[in-house]
**Student:** 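My structure is below; once you've seen it, I'll send some questions.
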Protein chains: 2
Amino acid sequence: MPKSKTAKPDARKTTGRTRQPDVTRRNILDAALVEFAAKGLSGARVDEIAARSGSNKRMIYEYFGNKDGLWLTVLERAYERMREEEHAIDVARMSPVEGMRYLMEFNFKFCSRNPEFIALLNAENLHKASFLKNSKKIRELYTPLLVVITDLLQRGQRDGVFRKNVDPVELYTTIAALGFFYFSNIHTLSTIFGRNLLSPKQQKTRLDHSIAVVLGYLRP
Amino acid sequence: MPKSKTAKPDARKTTGRTRQPDVTRRNILDAALVEFAAKGLSGARVDEIAARSGSNKRMIYEYFGNKDGLWLTVLERAYERMREEEHAIDVARMSPVEGMRYLMEFNFKFCSRNPEFIALLNAENLHKASFLKNSKKIRELYTPLLVVITDLLQRGQRDGVFRKNVDPVELYTTIAALGFFYFSNIHTLSTIFGRNLLSPKQQKTRLDHSIAVVLGYLRP
DNA sequence: CGGAGAAGTAACTGACCAGTTACGAAATTC
DNA sequence: GAATTTCGTAACTGGTCAGTTACTTCTCCG
């Protein structure tokens, strides 16, 4: 279970101080995630992260070297978290249509639940993915979703409920796009349309439509 | 015709100096677009914009007040440009299917042609659209595309080539998402997939798939 | 208990940067 | 061609911020 978004540091003062390097480390990363997501890499302040983490600057530089190192670690951790959640997906026992529906719902709600992840990815794209490219940790980054989609497509085609010749990577991109874009651009879209797209009602409308688009397309 | 992306200032030195406030203004805005798109609001440097524009800081503060004022003007200008291009779209004489295809191609290629626009929007969303919300100029921001989509949908439904009960705003969002997301996340996606998604070939594959998705969905 | 090392604090440094100013040069106006 | 306005330059200011350091306090472990 990931820590809450408000990133309150673990209560260490109540129990008296103890040496918990991993807890300190995690507190810093949680605080950094919030700060980086809210202000981007250049906008984020190390002092602010230190204050919010309940730790201090010295520890940040001890553990992560510098601001860039901290950024990379936060980014890697975000990807890991996503992969973990995706790994828990099991649509083997669902019908292709059910499975696809479930998958899209998962992806959509993941984006809804993790606005920091979206902000992080956008910032990383602004930097042309330079950190991600140089990350040793992130080599086998192929998302588990892709495997699941491939399986669903095959079964669906065999059963005659899905059309043939659908490229899984393209479909994955489409599904990712339909969830990601809405939340990534939610503020400018809300302004343009004059609606509050953050509301659960609007989100449901959007998800339903997205599912209809993909399932509609997949009809033979 | 918009100025080139490299934002070379107009040749004023060759013709000797003359007073051309509007040219200076435009040169500054062109330079600012490049700088803001490359580094975001907080990452951008006013000194750099001044140098690149062929003008100087004093003029920037004379015309735009401060960095935020410059940002807002750049943002407004980018939207205006998009609206202008969209206004030129005329699908009245095309069949609904042809028209829809053309529309998606336009949207996709617009994103491809204007990476700064995408970077700008992402940065503005990071700031929760706070500048856009306070812009007096951008009130009637409803994109012309929306009108065109509504028309195409009606004609297509009447002719029996499109399904019924499609919400134009939802479809617009979907079309926007399919173009925008690809280019917005092109660097992280390229890294994850190990492909260069900037290549024309990959772009064509992506556009074809996107069109197939929307047209496939729209089948009755 | 006592020494070693880990964790915490706050002041400091040096670079950077948004925004200002003083002044000079050019150009337009009359 | 003198007055007035516009434009350009470069130095300056005050604040901010990443990263460092000197020193203290705590914890662990023998």
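Within every chain, numbering begins at 1; the chains are lettered A, B, ... in the order of the sequence lines, protein sequences first and strands thereafter.
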**Student:** Nearest to the side chain of R58(B) - dG8(C), dG8(D), dC17(C)?
**Tutor:** dG8(D)
**Student:** Between atom NZ in K67(B) and atom C1' in dG15(D), what is the gap in whole Å?
**Tutor:** 14 Å
**Student:** Compute the angle between the rotation axes at the two ends of the helix from dC1(C)-dG30(D) to dC30(C)-dG1(D), each taken over five pairs, rounded to 10 degrees.
**Tutor:** 10°
**Student:** Whole angstroms only, please: what is the CE-C1' distance between M59(A) and dT9(C)?
**Tutor:** 11 Å
**Student:** Counting just side-chain N and O atoms, does R45(A) come under 4.0 Å of either OP1 or OP2 of dT16(D)?
**Tutor:** no
**Student:** Measure from CD on E48(A) to C1' on dC17(D) and round the result to the nearest Å.
**Tutor:** 13 Å
**Student:** Does either side chain, that of S42(A) or that of S42(B), offer a donor lying less than 3.5 Å from an acceptor on the other one?
**Tutor:** yes
**Student:** Between F180(B) and F181(A), is the gap from one ring center to the other below 6.0 Å?
**Tutor:** yes
**Student:** If the cut-off is 4.0 Å, is S55(B) near the phosphate of dG8(D), judged by side-chain N/O to OP1 or OP2?
**Tutor:** yes
**Student:** Starting at CG of L70(A) and ending at C1' of dA18(D), how long is that distance when rounded to a whole Å?
**Tutor:** 12 Å
**Student:** Considering every strand and a 4.0 Å limit on heavy-atom distances, what is the contact class for A44(A): base, sugar-phosphate, or nothing?
**Tutor:** sugar-phosphate
**Student:** Taking the six-membered ring for Trp and the full ring for Phe, Tyr or His, determine whether the centres of Y217(A) and H209(B) are under 6.0 Å apart.
**Tutor:** yes
**Student:** As a test of reading the structure: which of dG8(D), dA18(C), dA18(D) is closest to the side chain of N56(B), going by heavy atoms?
**Tutor:** dG8(D)
**Student:** Would a distance-only check, ignoring hydrogens and angles, find a side-chain to backbone donor-acceptor pair under 3.5 Å from R52(B) to E35(B)?
**Tutor:** no
**Student:** Assess the side chains of S135(A) and E76(A): does a donor N or O sit below 3.5 Å from an acceptor N or O?
**Tutor:** yes
**Student:** Which nucleotide wins on minimum distance to the side chain of Y61(A), given the candidates dA18(C), dA18(D), dG8(D)?
**Tutor:** dA18(D)
**Student:** Roughly how many Å is it from CD in E62(A) to C1' in dG5(C), rounded to a whole number?
**Tutor:** 11 Å
**Student:** Taking CD1 from I60(A) and P from dG19(D), how many angstroms apart are they, rounded to a whole number?
**Tutor:** 11 Å
**Student:** Rounded to the Å, how far apart are N66(B) CG and dG19(C) P?
**Tutor:** 5 Å
**Student:** Kindly give the heavy-atom pair with the smallest separation between G99(B) and L152(B), and that separation in Å.
**Tutor:** C-CD1, 3.6 Å
**Student:** Without hydrogens or angle criteria, can the side chains of N125(B) and T188(A) be said to hold a donor-acceptor pair below 3.5 Å?
**Tutor:** yes
**Student:** State which of dA7(C), dG8(D), dG19(D) makes the closest approach to the side chain of Y63(A).
**Tutor:** dA7(C)
**Student:** Find the distance R25(A):CZ to dA7(C):P and express it as a whole number of Å.
**Tutor:** 12 Å
